[in-house]
Structure formats: structure tokens, C-alpha cells
Asker: 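Please read through the structure below; I'll follow up with questions.
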2 protein chains.
Amino acid sequence: MDTDIGTSLQQPALEAFNGLTPDQYALVMQKGRVKKLQAKAYLFHQGDPAVNCFLVNQGRLKLTKLNEQGKEAIIRYVGPGELTAAVAVLRNRTYPVTAEAAAETNLTLWDKPAMMDLMHQYPDITINLLSMALERLDELQQRYLEICTEQVDQRIARSLLRFMQRAGVKVPHGIKIDIPLSRQNIADYTGTTLFTVSRTISRWEKRGWVKSGRESIIVTDPHALVQFAETG
Amino acid sequence: MDTDIGTSLQQPALEAFNGLTPDQYALVMQKGRVKKLQAKAYLFHQGDPAVNCFLVNQGRLKLTKLNEQGKEAIIRYVGPGELTAAVAVLRNRTYPVTAEAAAETNLTLWDKPAMMDLMHQYPDITINLLSMALERLDELQQRYLEICTEQVDQRIARSLLRFMQRAGVKVPHGIKIDIPLSRQNIADYTGTTLFTVSRTISRWEKRGWVKSGRESIIVTDPHALVQFAETG
DNA sequence: CGCTCTATTGATAAACCTCAAATACAGTGG
DNA sequence: CCACTGTATTTGAGGTTTATCAATAGAGCG
């Protein structure tokens, strides 16, 4: 685990188009269409026929999955520079998740044929996509390990740290997570209930590890959280 | 979920090399080296520098991940025709998981440079790898949803069904899972303890849904299991 | 100010884990 | 073939974690 937290925040990697010249990049972006989403608007639903691939320019998407009984798990948040729904487009499937704007969001999208063209024209894109998919696989495996082996409060600690690294901004007395996160969201992300999350975060607030408000969390003592995440 | 279980078992997909002519395929295989593993032998450990990419010809690999406290989660079993460790080779990382032979296993391996050459020479391979990575991501997302939202016995049911579909062979009164699976293995796969697994399977055995022995499970009533997995 | 949505907190119950002990099983060597 | 050994499995008792439910408080918005 990274012990030097808070120094290397937010590195919006436009990894999918790495290796392209600026001209090529401009061309690729021209081929896409732009779209805006209000907060809480849905982009697509799990089970919809997959038609587009999306790049987040600004804002953030929340990807969730529902089971038969209607219970929900948050798979991940997609931030600026990140791509989503390549899965479905490539394997000719319906979308395996639901995408909702967590805040006002700004996208570029390509339809299936366009995406296929790009991949054939610029093989680097395919390699980048593969690399990104493997990266996500790795992250999800890590989270799977955590949820299998650790108890709730440890998992919550890890989640906050993860959010902090991916969406942290410096504020006077700590690092603020720049995603509107309700207790329910954190619960859906860690596989617990909003009650347990609330109790846990209250406890940490009393210890001075975090400061929290309505749908907002500031981590004030990252090292304490890291320590707790690793040793319980 | 697939309701017509037991008819479409075991389809060893050599997906990585789809689209190659037989000649090309032969060439690719020639460039790899062959290796044999006894049951329980380790192929590589989490954290080892990644040097090779592996294709399982016969047998099965068990991929696991350990946390800081030494607790283990089984990420997946890799069967004939499936590839593993492409992650690490591509992203220039150490192996993110540990690979152990679950039974006597027979592999073909390529080192990093060879793998890179292949990907450049046959772009189809890159696309296939991407497709496979996305497929696994999808599967893991599904399992993540399950572990987040369902309780232990439901998850055990789903796991048995998953194993059955991937490694099931027909026997007189049901479908046998052709992997040596201890209670502990099932527990590590579903995120519970061997005791809970044991109790659960005993219950199902009394109901006639499964028949089990030492490290062996035969599913005798798949539909009952499916029903249970979906409704609890 | 009233309405709605989010968060807190407590009491209670359920699910599940931990630990201990007994039993079953497979393989080995006599 | 049998006894022996090491592992896997079963089962029970008891405790912990966490979910569930209910009631209350706070925040934001028109």
C-alpha cells in the first residue's frame, strides 16, 4: 500500500488514446459526439442493448449492478479521462451495468462501428483498452479479496482511501472526496448498510480521522485510516 | 440466468487464438514452451516479477489472492483453453495473484517478449485478449454483486452452479464438478468459512439437491439450486 | 415554514464466525 | 488385509458482528 498519501492525487489519465499524435487525437475526438448529463440522470441501464462507448470529460458516472431482488452494488465511479462500456460494445452484449451521473457530467461518445474503426485504424487503442481492462480487473480482484476477508469497518476505511486517491482535492484541514457520496452510496460500494456506515463514520469523526457532512466527506487523518485498514 | 442447465457443459474455448489459421496457430504454439505441474504445485506467487503468460492445456489452476493478515480468497479456476497472467505481462507488473495447480496440469507458456511479438504480429490476438479480459471483468462484477447483496447460502449455491457449468461432467445421477474442491476451497471462493459451507451442503444433501464426498461434489438437482440461488 | 431527503442513534434479532471435539476418509506401510 | 497417520468433514455451543426496524434530528429547497 502507498504510505505517502495525499501527495499524488487526481491524475486524469486519458489512457485509451495514449500513443496517438495530437492530430490523430483531435481526429478521434471529432468522430465522437458530445453529450451532457444532469446529476442523477441515467445514461444507460443494465440490460439495455449496448450501442455506445463513453468517455467522461467532466463530472463522474456511477456504475451499479442490480440483482434479482433489486438490491444494488456500486461497481465503480468513472472519472474524467476514463472510458466505459467498451465491454458491451466489443462483445456485442447488452450493458452489464447501469450508469448514472453522480454529478453534472460531460461525455464524448462513439457508436459501435466508429469504435471498431478506431480500433482497426489505431492498434495502440486496442492495446490501451486491454491494458485498462486488466487494470480494472486487478482493482476489482483486490476489492473482492477485501470483501471476502475483511470486516465492514476495514472495508469502509479502504473505500474512503480509494475515493480519496481517485477524487481527492486538498482543502484547509484535509482532503475532500469530490464525489457526492451518501451513506447509502458507501454502503452499496462496500456491501453493507447505511446504518453501519453511519455508525462507523461517526466513530471516526469523534476520533478526528474524518469530517463529514451531508453527502460529503473530508479525510483529515489519512494515515490513521491506512493504519486501520491494514491492521483492523 | 440460464435455466437449461446441464446440456451445455464444458466448452474449452481457445479464445485467445481465434481467427488464426491452423498454420499460424501451429506456429504460435511452437513459440511457446511446455510445462507440467503436479497437483498442489505452485506456478507463481503474488508479488513475483511477472515473466510468463500461461495457457492451460489440461488440468486446472487455482488463482488466489492473500491479504496482509494472510487470509485468502479464490479469484477463479483456470481451465483448459484458458489463458492467465496476461495482466502482469502487459502492464509490466508483478503477478497480482498466486497460481497453484488444483490437479495435475499441463501448460504452454510464452515469455514477455514472445507475447509482445505475437500481439504485434497478429492483431486478432490483442482483440481476443481484450475480449477475454472484459468477459472476466464481467464475471467478477457479477460475483461482486452477489457477495455484496446476498447471504452465504445463496452465494454457495451460485458457486456450485458456476463450477458445474465450467467443470461439470455427467455421471449417473447428476453432474459432477471435476475439480478437487474442499469445503475450505468453497469457503475461500464465496467469502465464508468451511464450517458454514459444511453445514449448508449437509442440509442440501438431506434435501437431495447434491451428493458430496471428500473434495467432491455432485449436483443432483440443479434446478432446485438455481431456484434457491435466485430467490433465497 | 413546511416538505423531502439524508443522517444519527438505540434496541433487538438474525446471520455467521470461532473454537472444540468427534468422526469419516484415503493413502501408506507393515 | 489391517492398523496407522494425516487430512477433510461434521456437529454443537457460545459469542460477535452486522442487519433490521423504529424513531428522531438535521439540511437543503421552494
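To find a chain, count down the sequence lines: A is the first, B the second, and so on, and within it residues start at 1.
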Asker: Ion pair present between B:R136 and B:E82, side-chain N to carboxylate O less than 4.0 angstrom?
Answerer: no

Asker: Does A:E72 offer a backbone N or O that forms a donor-acceptor pair with the side chain of B:T149 under 3.5 Å?
Answerer: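 It does not hold such a pair.
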
Asker: Any side-chain N or O of A:T193 under 4.0 Å from OP1/OP2 of D:dA19?
Answerer: yes

Asker: For nucleotides 24-30 of chain D, just jot down a letter per nucleotide in 5' to 3' order: B, S or -, based on protein non-hydrogen atoms under 4.0 Å.
Answerer: --BBS--

Asker: Any carboxylate oxygen within less than 4.0 angstrom of a Lys/Arg side-chain nitrogen, looking at A:R76 and A:E139?
Answerer: no

Asker: Would you say the side-chain atoms of A:T190 pair up with the backbone N or O of A:I186, donor to acceptor, closer than 3.5 Å?
Answerer: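 Judged by distance alone, yes, a pair lies under 3.5 Å.
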
Asker: Let me know the distance between CH2 of A:W204 and P of C:dA7, rounded to the nearest Å.
Answerer: 16 Å

Asker: Starting from C1' on C:dC17, measure out to CD on B:Q184 and report it in whole angstrom.
Answerer: 13 Å

Asker: Within this structure, what is the NZ-to-P distance between B:K40 and C:dA26, rounded to whole angstrom?
Answerer: 14 Å

Asker: Check whether any side-chain N or O of A:S182 sits under 4.0 Å from OP1 or OP2 of C:dC5, and answer yes or no.
Answerer: no

Asker: Nearest whole angstrom, please: distance from the C1' of D:dA19 to the CD of A:Q151.
Answerer: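 So the CD-C1' distance, A:Q151 to D:dA19, works out to 15 Å.
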
Asker: Grab the CZ-C1' distance between B:R155 and C:dA15 for me, whole Å please.
Answerer: 11 Å

Asker: If an axis is fit to five pairs at each end of the helix from C:dC1-D:dG30 to C:dG30-D:dC1, what is the angle between the two, to the nearest 10°?
Answerer: 40°

Asker: How does protein contact run along nucleotides 8-14 of chain C, one letter per nucleotide 5' to 3', with B for base contact, S for sugar-phosphate only, - for none, heavy atoms under 4.0 Å?
Answerer: BBBB---

Asker: Who pairs with B:E135 by side chain to side chain contact (heavy atoms under 4.5 Å, CB included), at least two apart in sequence or on another chain?
Answerer: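 Only A:R91, A:R93 meet the side chain to side chain contact (heavy atoms under 4.5 Å, CB included) criterion with B:E135.
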
Asker: So does B:R155 pair up with B:E146, basic N to acidic O under 4.0 Å?
Answerer: no

Asker: Nearest whole angstrom, please: distance from the P of D:dT9 to the CD1 of B:I217.
Answerer: 8 Å

Asker: So which one's nearest nucleotide on DNA chain D is more toward 5', B:L181 or A:T192?
Answerer: B:L181

Asker: Could you tell me the separation between the CD atom of A:E150 and the P atom of C:dC17, rounded to a whole number of Å?
Answerer: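 After rounding, the reported distance stands at 15 Å.
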
Asker: With sequence neighbours excluded, what pairs up with B:H173 under the ring pair (Phe, Tyr, Trp, His ring centres under 6.0 Å) test?
Answerer: none

Asker: In whole angstroms, how far is the P atom of D:dT17 from the CD1 atom of A:I156?
Answerer: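 Roughly 14 Å, once rounded to whole Å.
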
Asker: Do side-chain atoms of A:Q58 reach the backbone of A:T105 as a donor and acceptor pair under 3.5 angstrom?
Answerer: no

Asker: Applying ring pair (Phe, Tyr, Trp, His ring centres under 6.0 Å), which residue pairs with at least one partner in residues 53-78 of chain B are found, sequence neighbours left out?
Answerer: B:F44-B:F54, B:Y77-B:F163

Asker: Answer yes if the side chains of B:D188 and B:Q184 hold a donor-acceptor pair under 3.5 Å, and no otherwise.
Answerer: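 Yes, B:Q184 and B:D188 have a side-chain donor paired with an acceptor closer than 3.5 Å.
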
Asker: Are A:L160 and A:M164 side-chain neighbours, meaning at least one heavy-atom pair lies under 4.5 Å?
Answerer: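 A side-chain contact under 4.5 Å is absent here.
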
